[in-house]
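Note that the coordinates shown come from a computational prediction; the quantities given were computed from them, not determined experimentally. Just the heavy atoms: all of them, side chains too, but no hydrogens, waters or symmetry mates, feed the values below. For the single chain, residues carry numbers from 1 onward in sequence order.
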Amino acid sequence: MPVSLRRSELCSRTFTTWKLRGQSPLLHKLCLFVLALCLALPAHAEGFITRLLNKPVPGGVVVVDLGNPAQAPKVRYQGKPVLTVREDGQRWIAIVGIPLSVKPGTQQVEVEGGQKLSFQVGAKHYAEQRITIKNQQQVTPNAENLKRIERELAEQTRAYQQFSARQPSNLLFDRPVNGPLSSPFGLRRFFNGEERNPHSGLDFAANRGTPIKAPAAGKVILIGDYFFNGKTVFLDHGQGLISMFCHLSEIDVKLGDEIPRGGHVGKVGATGRATGPHLHWNVSLNDVRVDPAIFIGAFKP
């Protein structure tokens, strides 16, 4: 029976029961009000995951209702597979990362079988950040360093593109370190006056050596010591949901390790292109870097 019919039937039965019991006129009027309120409710009340994650802006996340088929629908966005979960045990939803480069307007996901579902992307303003770097090579690298950067970028891109079958252990993430948020996601960044890629993660101000914890269970799929990122760990949480932690002073895991929620990944440092100790944390969905603040309930429109 459809949800709207079940709700209508329940409200009607409640009204009939109260009426038959001969309640007072005041209670009779209250019952009529409750009945009208029930019938006015939407057929699908938003679940917890939708309320937490649905921030459909460039660099954000959109949650798309997929209905209630027997099996998990297979969904793609911009040619990439998408995370799908069953929300509150009732309906399937797609959790889709939206690139920073997407303009406000209509976008679509494709469901296996040919169905296309549309969603709207709103506007969001991202501020600027100007940083002074002492090592000019980390602003305008020479040819040798550029080759290294290209090689490292390809390696990290392959990690972001992995799509495992595992279900994420949790979608309300724990904060990976205890510390205030510093540089937010999406900042337009200028190093020594030269514009570079927008800030693709979220920074936490923390002292060197502060333990870094896994925000959700995951498998270590990449470890490296990179030109820009310094000592770095990638964790696969499942279905294209991936965390990257960089600028670490120490790495406490090995490639292939299964890390439980809250397990130690490493320690805060200032390796790579960093002006001081902090944790830079990326979250990626369907190979799109999105605002990690969404997953810890700290998103600001």
Side-chain angles (χ1 to χ4, degrees), residues 59-60 100 126-141 145 148-149 152-153 155-156 159-160 173-216 218 220-235 237 241-253 259 261-284 289-300:
L100 265 172
Y126 291 99
E128 293 183 1
Q129 181 184 43
R130 296 182 180 270
I131 301 171
T132 300
I133 299 290
K134 293 181 180 179
N135 183 357
Q136 187 63 29
Q137 278 296 307
Q138 293 183 330
V139 180
T140 52
N145 281 330
R148 175 186 172 186
I149 291 165
E152 293 175 350
L153 177 61
E155 189 174 90
Q156 292 173 78
Y160 279 127
F173 280 177
D174 301 328
R175 294 191 177 212
V177 296
N178 295 321
L181 306 181
S182 49
S183 297
F185 173 88
L187 287 171
R188 289 182 59 204
R189 296 188 302 173
F190 295 80
F191 291 95
N192 297 357
E194 299 183 32
E195 186 168 12
R196 292 296 183 262
N197 291 332
H199 194 222
S200 61
L202 182 64
D203 287 354
F204 290 82
N207 293 328
R208 187 187 307 270
T210 301
I212 300 166
K213 300 174 291 184
V220 179
I221 57 172
L222 183 63
I223 292 174
D225 191 351
Y226 300 121
F227 184 84
F228 286 130
N229 291 353
K231 293 182 179 180
T232 300
V233 175
F234 279 70
L235 274 188
H237 304 298
L241 179 57
I242 293 169
S243 281
M244 185 272 281
F245 314 91
C246 68
H247 306 311
L248 279 59
S249 60
E250 295 181 30
I251 293 173
D252 297 333
V253 295
I259 310 301
R261 178 181 183 178
H264 282 194
V265 173
K267 297 179 178 66
V268 170
T271 55
R273 185 168 65 183
T275 56
H278 69 283
L279 172 65
H280 174 96
W281 174 38
N282 272 19
V283 172
S284 186
R289 262 51 82 203
V290 296
D291 189 350
I294 294 170
F295 290 83
I296 57 173
F299 176 77
K300 293 182 179 179

Any heavy-atom pair between the side chains of W281 and I296 that's under 4.5 Å? yes
Side chains of K213 and D174, heavy atoms from C-beta outward: is any pair under 4.5 Å? no
If you compare all heavy atoms of A298 against all heavy atoms of R175, which two are closest, and at what distance to 0.1 Å? CB-NH2, 4.1 Å
Side chains of F245 and F234: does their closest heavy-atom pair fall under 4.5 Å? no
Using side-chain heavy atoms (C-beta onward) and a distance below 4.5 Å, is M244 in contact with H280? yes
Tell me, do I251 and V253 make a side-chain contact under 4.5 Å, heavy atoms counted? yes
Rounded at 0.5 Å granularity, tell me how far SG in C246 sits from CG in L279. 7.5 Å
What do you reckon, is CG of N207 surrounded by more than 12 foreign heavy atoms closer than 6.0 Å? no
Tightest non-hydrogen contact, residues F227 and E152, listed as N-OE1, 2.8 Å
Please walk me through it: do I212 and V233 pass side-chain contact (heavy atoms from CB on, under 4.5 Å)? CA-CA 11 Å; I212 300 166; V233 175; over 6 Å; no
Main-chain N/O of G209 paired to E250 side chain as donor or acceptor, under 3.5 Å: no
Rounded to the nearest 0.5 Å, what's the gap from OH on Y226 to CD on E155? Could you check? 3.5 Å
What is the minimum heavy-atom distance between V283 and P292, and which atoms define it? CG2-CB, 3.7 Å
Between CG of N229 and OG of S200, what distance do you get to the nearest 0.5 Å? 7.5 Å
Of all the heavy-atom pairs spanning I259 and A214, show the shortest one and how long it is. CG2-CB, 3.9 Å
Test N282 against R289 for side-chain contact (heavy atoms from CB on, under 4.5 Å), laying out the working first. CA-CA 7 Å; N282 272 19; R289 262 51 82 203; 3.6 Å; yes
Residues L235 and A216: closest non-hydrogen pair is CD1-O, 4.5 Å
Got T210 and N178 here, is their nearest side-chain heavy-atom distance under 4.5 Å? no
Evaluate L241 against F173 for side-chain contact (heavy atoms from CB on, under 4.5 Å), listing each step before the verdict. CA-CA 12 Å; L241 179 57; F173 280 177; 3.7 Å; yes
Using atom types as modelled and distance alone, determine if a side-chain donor or acceptor of T232 lies under 3.5 Å from a backbone N or O of D225. no
Between A270 and P277, which heavy-atom pair has the shortest distance, and what is it? CB-N, 3.7 Å
Taking H264 for the side chain and D252 for the main chain, is one N or O donor matched with an acceptor at less than 3.5 Å? no
dist H237:NE2 -> S284:OG (nearest 0.5 Å) comes out at 10.5 Å
Answer yes or no: is there a donor N or O on one side and an acceptor on the other, between the side chain of T271 and the main chain of S249, under 3.5 Å? no
Evaluate the side-chain proximity of K231 to H247: yes if any heavy-atom separation is below 4.5 Å, no if none is. no
State, with a plain yes or no, whether a side-chain heavy atom of H278 is found less than 4.5 Å away from one of F204. no
